[in-house]
Asker: 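The structure is given below, and queries will be raised subsequently.
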Amino acid sequence: RLLMKLRSHRLADLTSPEVAEALSAGVDSIIVPVGSTEQHGAHLPLSTDSLHTVEVLDRVARDLPALVAPLIPVGRADHHMAFPGTITVRQETLHAIIGDWCDSFFRHGFRHVLIYSGHGGNAGPLAAIIADLVAMDGRRSIIGCTDWALYDGTLFPRAEAHGIGKFEAGWHAGELETSMILALDPRLVLMDRARPGFIGDLDACRDVLMRDGVQAVAPSGVLGDPTLGDRERGADYLAALTASITRFFRDAIDRRAAADARQRATA
């Protein structure tokens with residue numbers, strides 16, 4: 001455990017000497033939050049994915065412990081571009097940003113760069129980027145929590161435990177995300193504009209959604225029923241997601257440390 005008390009776990013809140021002190025005290029991991037700026041129906045802000053990503057990773061950082069890098073507020077969101085306000089970047093742009101940030105962190109002595117995004121559209125692209133960066137230099141520990149099954153496997157069972165069906169909980173701007181943003185800042189949620197969107201099995205039309213855009217499946221941009229949003233459930237979702245992601249990163253760091261130790265022993 002960390003022997004010093006950090007004034008903040010957010011890298012950008014600290015002074016340069018404080019970061020050096022944290023590194024010396026054993027804080028050798030830094031988490032990169034990758035968000036998105038994209039439509040979330042008529043009731044949630046464009047920053048929805050960024051908001052719950054940063055909140056969860058702030059908590060994860062305290063638990064590990066680690067520092068949290070500034071948010072990358074945009075990602076791959078081509079399938080939301082029919083809706084004004086959405087921003088998407090090319091894969092090579094995101095690759096360059098992630099690569100440059102990793103270069104900076106490793107140069108200053110961090111041993112592990114941990115990457116997570118609360119935007120499902122970033123999962124596959126980030127996995128490809130991380131695989132490429134690791135292939136370029138396997139000595140660097142770049143760990144991505146990019147298996148979206150962890151997100152779904154954490155939140156849908158929690159929703160079901162509260163009596164909310166999977167299709168109502170939704171994959172985008174439904175009950176799940178509405179509840180989480182209500183828990184973070186209810187002023188950002190326009191509940192009077194919340195309306196049910198596509199409610200059904202997304203697996204049957206996922207290819208259409210990714211090829212033709214969300215509007216081809218849900219003209220409102222909503223997948224789920226946001227009218228069921230509840231602040232207390234949102235707090236539970238955030239806590240459950242924090243626990244799952246903390247466990248994922250802690251286990252991955254332990255596996256990496258064990259692999260490095262074996263390599264040193266056989267060198």
Side-chain angles (χ1 to χ4, degrees), residues 33-58 71-89 94 116-126 148 151-152 154-156 158-159 162 164-202 205-206 208-238 240-241:
V34 186
S36 188
T37 301
E38 65 183 46
Q39 71 83 24
H40 276 77
H43 64 293
L44 289 178
L46 295 162
S47 60
T48 289
D49 289 342
S50 296
L51 289 168
H52 58 73
T53 293
V54 168
E55 175 63 25
V56 166
L57 293 182
D58 274 352
L71 170 76
I72 298 174
V74 293
R76 304 287 288 122
D78 295 35
H79 50 299
H80 292 289
M81 282 301 291
F83 300 89
T86 298
I87 301 171
T88 191
V89 297
L94 190 58
Y116 169 77
S117 176
H119 167 47
N122 281 339
L126 285 175
W148 202 244
Y151 182 93
D152 286 351
T154 296
L155 295 184
F156 285 136
R158 290 309 306 154
H162 289 293
I164 305 295
K166 181 177 182 179
F167 299 153
E168 287 74 25
W171 282 268
H172 184 80
E175 183 273 337
L176 281 174
E177 287 195 307
T178 301
S179 294
M180 287 193 286
I181 303 305
L182 282 170
L184 293 178
D185 189 347
R187 296 171 300 177
L188 296 175
V189 185
L190 306 180
M191 284 302 290
D192 59 321
R193 299 188 183 185
R195 301 288 186 276
F198 172 82
I199 298 177
D201 188 356
L202 189 63
C205 50
R206 192 181 301 274
V208 173
L209 183 150
M210 295 306 295
R211 184 186 69 239
D212 301 332
V214 173
Q215 77 285 353
V217 174
S220 69
V222 174
L223 306 170
D225 187 354
T227 67
L228 302 173
D230 176 83
R231 190 173 186 176
E232 290 187 5
R233 282 200 302 273
D236 182 56
Y237 296 153
L238 291 166
L241 200 52

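Reckoned from all heavy atoms, side chains included, excluding hydrogens, waters and symmetry mates.
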Asker: Checking Phe156 now: which residues fulfil ring pair (Phe, Tyr, Trp, His ring centres under 6.0 Å) with it, not counting sequence neighbours?
Answerer: Trp171

Asker: Kindly say whether Phe83 contributes a backbone atom to a donor-acceptor pair with the side chain of Gln215 at under 3.5 angstrom?
Answerer: no

Asker: Between Tyr237 and Glu175, does any side-chain donor sit less than 3.5 Å from a side-chain acceptor?
Answerer: yes

Asker: Looking at residues at least two apart in the chain, or sitting in another chain, which of them share a side-chain contact (heavy atoms from CB on, under 4.5 Å) with Tyr151?
Answerer: His52, Tyr116, Trp148, Leu155, Glu177, Met180, Leu241

Asker: Measure across Arg195 and Val222 and return the closest heavy-atom pair with its distance rounded to 0.1 Å.
Answerer: O-CG1, 4.0 Å

Asker: Under a plain distance cut-off of 3.5 Å, with no hydrogens placed, do Ser179 and Asp230 share a side-chain donor-acceptor pair?
Answerer: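 No - no donor-acceptor pair under 3.5 Å links their side chains.
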
Asker: Run the side-chain hydrogen bond (donor to acceptor under 3.5 Å, both in side chains) test on His119 and Thr53 for me, step by step, so that the C-alpha distance in whole Å, both residues' side-chain angles and the decisive distance to 0.1 Å come before the verdict.
Answerer: CA-CA 8 Å; His119 167 47; Thr53 293; over 6 Å; no

Asker: So which heavy atom on Pro45 is nearest to which on Leu51, and how close?
Answerer: CG-CD1, 4.1 Å

Asker: Answer whether the closest heavy-atom distance between the side chains of Val214 and Gln39 falls below 4.5 Å.
Answerer: yes

Asker: Closest heavy-atom contact between Leu176 and Ala159?
Answerer: CD2-CB, 4.2 Å

Asker: To the closest 0.5 Å, what do you measure between CZ (Arg76) and CD1 (Ile87)?
Answerer: 14.0 Å

Asker: Ala194 and Thr227: which non-hydrogen atoms are nearest, and at how many Å?
Answerer: O-CG2, 3.5 Å

Asker: Check ring pair (Phe, Tyr, Trp, His ring centres under 6.0 Å) between His40 and all other residues, then give those that pass, not counting sequence neighbours.
Answerer: His172

Asker: Does atom CZ (Arg206) have a neighbourhood of more than 12 heavy atoms from anything else shown, all under 6.0 Å?
Answerer: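 Yes, the 6.0 Å shell around CZ holds more than 12 heavy atoms from other groups.
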
Asker: Return the NE2 to CG distance between His80 and Leu46, rounded to the nearest 0.5 Å.
Answerer: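 Rounded to the nearest 0.5 Å, the NE2-CG separation comes out at 11.0 Å.
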
Asker: Using atom types as modelled and distance alone, determine if a side-chain donor or acceptor of Asn122 lies under 3.5 Å from a backbone N or O of Gly35.
Answerer: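 It does hold such a pair.
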
Asker: So for atom CZ, which belongs to Arg211, do other residues, nucleotides or ligands contribute more than 12 heavy atoms lying within a distance under 6.0 Å?
Answerer: yes

Asker: CG of Leu190 to CG of Leu44: how many Å apart, nearest 0.5 Å?
Answerer: 8.5 Å

Asker: Hey, is the main chain of Gly41 close enough, under 3.5 Å, to the side chain of Ser220 for a donor-acceptor pair?
Answerer: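 Side chain of Ser220 to backbone of Gly41, a donor-acceptor pair under 3.5 Å: no, none is there.
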
Asker: Can you name the residues that form a side-chain hydrogen bond (donor to acceptor under 3.5 Å, both in side chains) with Thr154, not counting sequence neighbours?
Answerer: Ser244

Asker: Roughly how far, to the nearest 0.5 Å, is CZ of Arg233 from CG of Leu182?
Answerer: 9.5 Å

Asker: Under a 3.5 Å distance rule, please check whether Asp49 uses its side chain to pair with a backbone N or O of Ser36 as donor and acceptor.
Answerer: no

Asker: Among residues at least two apart in sequence or on other chains, which ones pass side-chain contact (heavy atoms from CB on, under 4.5 Å) with Asp58?
Answerer: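 Listed in chain order: Arg10, Val54, Arg62, Val68.
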
Asker: Atom CG in Asp78, atom OG1 in Thr88: separation rounded to 0.5 Å?
Answerer: 4.0 Å

Asker: Look at the side chain of Arg158 and the backbone N and O of Ala240, then say whether any donor-acceptor pair between them is shorter than 3.5 Å.
Answerer: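 No.
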
Asker: How far apart are the closest heavy atoms of Ala218 and Leu223, and which atoms are they?
Answerer: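 Scanning both residues, the minimum pair turns out to be CB-CD2, 3.8 Å.
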
Asker: Do you know the tightest heavy-atom contact between Pro226 and Met191?
Answerer: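 Closest approach of Pro226 to Met191: O-CE, 3.5 Å.
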
Asker: For Glu55, check side-chain hydrogen bond (donor to acceptor under 3.5 Å, both in side chains) against everything at least two apart and list the hits.
Answerer: Arg59

Asker: Could you check Ser47 against Thr37 for side chain to side chain contact (heavy atoms under 4.5 Å, CB included), going step by step and ending with a plain yes or no?
Answerer: CA-CA 5 Å; Ser47 60; Thr37 301; 5.9 Å; no

Asker: Whether the side chain of Thr86 engages the backbone of Met81 through a donor-acceptor N/O pair (distance < 3.5 Å, no angle test) should be reported.
Answerer: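 Side chain of Thr86 to backbone of Met81, a donor-acceptor pair under 3.5 Å: no, none is there.
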
Asker: Going through the distances and angles, do Leu57 and Leu71 end up as a side chain to side chain contact (heavy atoms under 4.5 Å, CB included)?
Answerer: CA-CA 10 Å; Leu57 293 182; Leu71 170 76; over 6 Å; no

